[in-house]
Peer 1: 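First the structure, then my questions, so here it is.
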Number of protein chains: 2
Amino acid sequence: MDAKSVDPGLCGIGEAASRAGVSERALRYYQELGLLTPCARTPGGMRRYSEADLARVARIRELQSLLGLNLDEIAVVLRSDDRMSEIKAAFHDTGTGADERSALVSESLELQEHLVQVVRAKKSALEDFLSDLEARIARIKELAGK
Amino acid sequence: MDAKSVDPGLCGIGEAASRAGVSERALRYYQELGLLTPCARTPGGMRRYSEADLARVARIRELQSLLGLNLDEIAVVLRSDDRMSEIKAAFHDTGTGADERSALVSESLELQEHLVQVVRAKKSALEDFLSDLEARIARIKELAGK
DNA sequence: TCGCACCTTGACGTCAACGTCAGACAAGGC
DNA sequence: GCCTTGTCTGACGTTGACGTCAAGGTGCGA
């Protein structure tokens with residue numbers, strides 16, 4: 001092991017925060033809630049974040065701002081995601097029982113499809129809102145004369 | 001005035017709250033922030049809400065949940081709405097100067113068009129999110145075998 | 001090995017958007 | 001007039017999502 005002990009592609013909490021556009025406190029808070037555990041620590045105990053970790057932060061922010069979910073609800077979604085990649089990783093593993101596995105898959109599927117319903121509802125509500133807004137604008141322009 | 005002194009179509013804060021799907025406290029709070037002043041009070045000082053008031057509450061909730069605006073931002077939007085109806089009402093009134101009026105109109109127009117930009121951005125972000133979600137689901141279904 | 005920037009874990013503070021409670025007044029049927 | 005139910009105005013409490021310190025450890029170039 002003559003390579004640097006610090007893996008390349010991993011960064012500290014400061015850079016992670018600025019690259020993800022959140023505060024360091026937010027990252028520690030997400031960890032507190034079990035939303036995001038940095039992929040590694042240095043021997044001295046300092047957090048190291050990977051690209052995947054940063055992507056996860058982006059997902060969290062998206063679920064927050066786009067769907068208006070709170071962090072507890074986001075935890076549910078993320079945990080389901082994690083189960084899925086777990087299953088995908090161990091897909092050919094005979095260790096996990098087939099029925100148990102399919103139960104997890106269908107559970108996850110259900111959650112994702114529920115999420116789709118939520119997003120679709122939000123989207124159509126947004127479209128209604130948008131056409132209403134445009135009607136308003138048309139009336140204002142009309143009022144503005146010519 | 002032999003009619004009941006309480007106008008029909010107006011309701012107290014309790015009914016207003018339950019019909020609007022919010023708490024009484026929320027209605028009082030919106031009033032505190034200048035978002036929604038009930039159209040009338042009884043001689044004894046009790047709030048009376050009209051249908052228009054209830055529609056305004058619905059608008060507030062829409063701006064909150066759909067666009068994720070906070071109540072201060074919502075206040076700006078609503079105030080602009082109010083200015084517009086004011087202007088529409090006094091459109092043929094010679095009292096308001098033409099230049100002042102057109103200034104208000106274009107100011108309001110600007111705000112509404114900014115809002116449209118926000119909504120469009122949100123909508124397209126939501127569409128991206130949705131197609132991502134559907135791709136996920138497809139993969140899960142594939143994984144689920146047949 | 002020193003220095004300094006970066007990081008650690010508590011622990012308390014903050015802000016928005018209400019929730020909740022107390023004590024008193026209002027409305028309307030009997 | 002009385003009683004019940006609804007509502008009033010403060011005023012303090014709560015919750016989520018962090019912000020902000022304090023007191024100390026870590027990493028690493030000079």
Side-chain angles (χ1 to χ4, degrees), chain A residues 2-8 10-49 53 56-78, chain B residues 3-8 10-49 53 56-57 59-78:
Chain A
D2 53 11
K4 299 180 101 174
S5 62
V6 176
D7 298 55
L10 297 189
C11 61
I13 197 172
E15 193 184 335
S18 81
R19 286 183 55 189
V22 303
S23 66
E24 304 181 9
R25 180 64 173 98
L27 291 181
R28 295 197 188 96
Y29 184 56
Y30 295 161
Q31 183 177 356
E32 232 176 281
L33 299 189
L35 290 183
L36 168 69
T37 306
C39 68
R41 294 251 189 175
T42 65
M46 297 170 68
R47 295 171 179 80
R48 288 317 43 208
Y49 292 87
D53 290 337
R56 198 177 172 90
V57 177
R59 188 107 204 282
I60 292 173
R61 302 300 282 187
E62 216 174 14
L63 291 166
Q64 263 191 316
S65 64
L66 231 56
L67 299 195
L69 302 186
N70 64 36
L71 295 183
D72 284 5
E73 294 165 334
I74 292 176
V76 173
V77 175
L78 290 184
Chain B
K4 297 179 102 174
S5 61
V6 175
D7 298 55
L10 299 188
C11 60
I13 197 173
E15 193 184 336
S18 80
R19 284 182 56 188
V22 304
S23 67
E24 303 181 9
R25 180 65 174 95
L27 291 180
R28 294 198 189 95
Y29 184 56
Y30 295 160
Q31 183 177 356
E32 231 178 283
L33 299 188
L35 290 183
L36 168 70
T37 307
C39 69
R41 293 251 188 175
T42 67
M46 297 169 67
R47 295 170 179 81
R48 306 271 92 181
Y49 292 88
D53 291 335
R56 198 178 173 89
V57 178
R59 188 105 202 285
I60 293 173
R61 303 300 281 188
E62 215 173 17
L63 290 166
Q64 263 190 315
S65 65
L66 232 57
L67 300 194
L69 303 185
N70 64 37
L71 295 182
D72 284 4
E73 295 164 333
I74 292 175
V76 173
V77 174
L78 290 184

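Heavy atoms only: backbone and side chains are in, while hydrogens, waters and symmetry mates are out. In what follows, chains carry the letters A, B, and so on, assigned in the order in which the sequence lines appear, proteins first and then strands, with residues in each chain numbered from 1.
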Peer 1: Of B:D72 and A:G44, whose closest DNA chain C nucleotide lies nearer the 5' terminus?
Peer 2: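 The answer here is A:G44.
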
Peer 1: If you check the B:E24 side chain, which of C:dC7, D:dT7, C:dC18 turns out closest?
Peer 2: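 Nearest to the side chain of B:E24 among the choices is D:dT7.
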
Peer 1: Can a side chain N or O of A:R41 be found less than 4.0 Å away from OP1 or OP2 on C:dT9?
Peer 2: yes

Peer 1: Give a yes/no answer on whether the side chain of B:T42 brings an N or O atom under 4.0 Å of OP1 or OP2 in C:dA27.
Peer 2: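 The answer is yes; a side-chain N or O of B:T42 sits under 4.0 Å from OP1 or OP2.
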
Peer 1: Considering every strand and a 4.0 Å limit on heavy-atom distances, what is the contact class for B:Q64: base, sugar-phosphate, or nothing?
Peer 2: sugar-phosphate

Peer 1: Tell me whether the OP1 or OP2 atom of D:dC18 has a side-chain N or O from A:S23 closer than 4.0 Å.
Peer 2: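 For D:dC18, neither OP1 nor OP2 has a side-chain N or O of A:S23 closer than 4.0 Å.
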
Peer 1: A:I60 has an atom CD1; how far is it from atom P of D:dA17, in whole Å?
Peer 2: 11 Å

Peer 1: Could you please name the option among C:dA17, C:dA27, C:dT8 that lies closest to any side-chain atom of B:M46?
Peer 2: C:dA27

Peer 1: Across the strands shown, which category fits B:R47 at heavy-atom distances under 4.0 angstrom: base, sugar-phosphate, nothing?
Peer 2: sugar-phosphate

Peer 1: Testing the 3.5 Å rule here: is there a donor-acceptor pair between the side chains of B:Q64 and B:R61?
Peer 2: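 Indeed, the side chains of B:Q64 and B:R61 share at least one donor-acceptor pair under 3.5 Å.
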
Peer 1: Grab the CG-P distance between A:L27 and C:dT9 for me, whole Å please.
Peer 2: 13 Å

Peer 1: How long is the line joining CG of A:L69 and P of D:dG16, in whole Å?
Peer 2: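 The answer, rounded to whole Å, is 15 Å.
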
Peer 1: Starting from C1' on C:dA27, measure out to CZ on B:R48 and report it in whole angstrom.
Peer 2: 9 Å

Peer 1: So, is B:Y30 near the phosphate of C:dC18, with a side-chain N or O under 4.0 Å from OP1 or OP2?
Peer 2: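 Looking at the OP1 and OP2 atoms of C:dC18, one of them is under 4.0 Å from a side-chain N or O of B:Y30.
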
Peer 1: Provide the closest heavy-atom pair for A:L27 versus A:A16 in the form atom of the first, atom of the second, distance.
Peer 2: CD1-CB, 4.0 Å

Peer 1: Is the shortest side-chain heavy-atom distance between A:V77 and A:R59 below 4.5 Å?
Peer 2: yes

Peer 1: Quick one: which of C:dT9, D:dC18, C:dA17 gets closest to the side chain of B:Y29?
Peer 2: C:dA17

Peer 1: Find out whether B:P38 and B:Q31 are in side-chain contact, i.e. whether some heavy atom of one side chain is under 4.5 Å from a heavy atom of the other.
Peer 2: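 SC-SC contact between B:P38 and B:Q31 confirmed.
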
Peer 1: How about B:V57 and B:Y49: do any of their side-chain heavy atoms sit closer than 4.5 Å?
Peer 2: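 Side chain of B:V57 against side chain of B:Y49, heavy atoms only: no contact under 4.5 Å found.
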
Peer 1: Rounded to whole angstroms, how far apart are CG on B:L36 and C1' on C:dA17?
Peer 2: 15 Å

Peer 1: Both B:R25 and B:G14 contact DNA chain D. Which one's nearest nucleotide lies toward the 5' end?
Peer 2: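 Nearest-nucleotide comparison on DNA chain D picks B:G14.
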
Peer 1: Would you kindly give the CZ-to-P distance between A:R28 and D:dG19, to the nearest whole Å?
Peer 2: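 The distance from CZ of A:R28 to P of D:dG19 comes to 11 Å, rounded to the nearest Å.
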
Peer 1: Does a nitrogen or oxygen in the side chain of A:R61 sit under 4.0 Å from OP1 or OP2 of D:dC18?
Peer 2: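 For D:dC18, OP1/OP2 do have a side-chain N/O of A:R61 under 4.0 Å.
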
Peer 1: Could you check how far CG of A:L71 sits from P of D:dA17, rounded to whole Å?
Peer 2: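 So the two atoms are 4 Å apart, to the nearest Å.
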
Peer 1: Give one of base, sugar-phosphate or nothing for B:E73, where a contact means two heavy atoms less than 4.0 Å apart.
Peer 2: nothing

Peer 1: Return whichever of B:N70 or B:G45 has its heavy-atom-nearest nucleotide of DNA chain C closer to the 5' end.
Peer 2: B:N70

Peer 1: Please give, in whole Å, the distance from D:dG6 P to B:E15 CD?
Peer 2: 11 Å

Peer 1: Should the pair B:R25-B:E32 be classified as a salt bridge under the 4.0 Å nitrogen-to-oxygen rule?
Peer 2: yes

